[in-house]
Structures are given as C-alpha cells and as structure tokens.
Amino acid sequence: MASVVLKLGFEEEVVDVENPEVLIQKIIEFARGHGLSKFTVDAEVISEAEEEGEEPTTEIEYDVSQEFIRENFEKIKKVIIRPLNEAK
C-alpha cells in the first residue's frame, strides 16, 4: 500500500492506494469531484540515488499518461492535477 498526495490548486488529499489502477481511479474521482471533466496530470516521482549514500531526489514529470503511472507506481509520491485549459 502506498500513500500518494493528490493536489489540485490549494486542495490536497492523501490517499492510500494498493495498485496503479486504484491510483488512476482516485485521480479521476478527485478531479471530477472538483468539477473537472478534462484535466492533465503531473507526477512528482522519487528518482533513484545516483551514488550510494546519496539521498534520492524528486523530479516532476509533466503530462503523464496512465501507462506512466502504471510503470512508475512505486515511485510516485504526489500527483498534481491541472484543468486542461491551464495546461502548459
């Protein structure tokens, strides 16, 4: 089970998810619950420490797909949801 932060504007919610499919569903429910039908998703991902003893860093991946979420599920710590009309 992983805890992931869902963020939309100033609203944040921490969700516990068992697998990528549950995370994808939670993202959709969170966005729709805030009145969004079209949105884009950015993910804050923990990257591997490059050298032993170094702390892992986080990177933001923009406009991620459901496939990206499935492949990187273990590394995702925060999901940032943006309305499609505000997308970069």
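Note that the numbering runs from 1 along the sequence shown for the chain.
A continuous path of ILVMFWY side-chain contacts below 4.5 Å connects Val15 to Phe30, so both sit in one hydrophobic cluster.
Across all non-hydrogen atoms, the minimal contact from Val14 to Ser3 is CG1-CB, 4.1 Å. Taking each heavy atom of Asn19 and Glu21 in turn, the nearest pair found is OD1-N, 3.0 Å. Among all heavy-atom pairs drawn from Phe68 and Ala43, the shortest one is CE2-CB, 4.2 Å.
For Gln66, the side chain to side chain donor-acceptor pair (under 3.5 Å) criterion is met by Arg70, not counting sequence neighbours. Remark: Lys78 engages Glu12 in a salt bridge (charged side-chain N to carboxylate O under 4.0 Å, His left out) (not counting sequence neighbours).
Atom CD1 of residue Ile24 and atom CZ of residue Phe73 lie 9.5 Å apart, to the nearest 0.5 angstrom. One distance of note links CD1 of Ile60 with CD1 of Ile80; it measures 4.5 Å at 0.5 Å rounding. The distance from atom NE2 of His34 to atom CD1 of Ile81, rounded to the nearest 0.5 Å, is 8.5 Å. Put simply, CG on Asp63 and CZ on Arg82 are 5.5 Å apart, with the number rounded to the nearest 0.5 Å.
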Per-pair distances, 0.1 Å, donor-acceptor, side chain in residues 4-11, under 3.5 Å, sequence neighbours excluded:
| residue | atom | partner | partner atom | Å |
| --- | --- | --- | --- | --- |
| Lys7 | NZ | Gly9 | O | 2.9 |

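Side-chain contact between Lys26 and Asp16 is absent, with no heavy atoms from C-beta onward closer than 4.5 Å. Looking at Val64 and Asp42, their side chains never come closer than 4.5 Å, going by heavy atoms from C-beta outward.
Side-chain atoms of Ser47 come within 3.5 Å of backbone N or O of Thr57 as a donor-acceptor pair.
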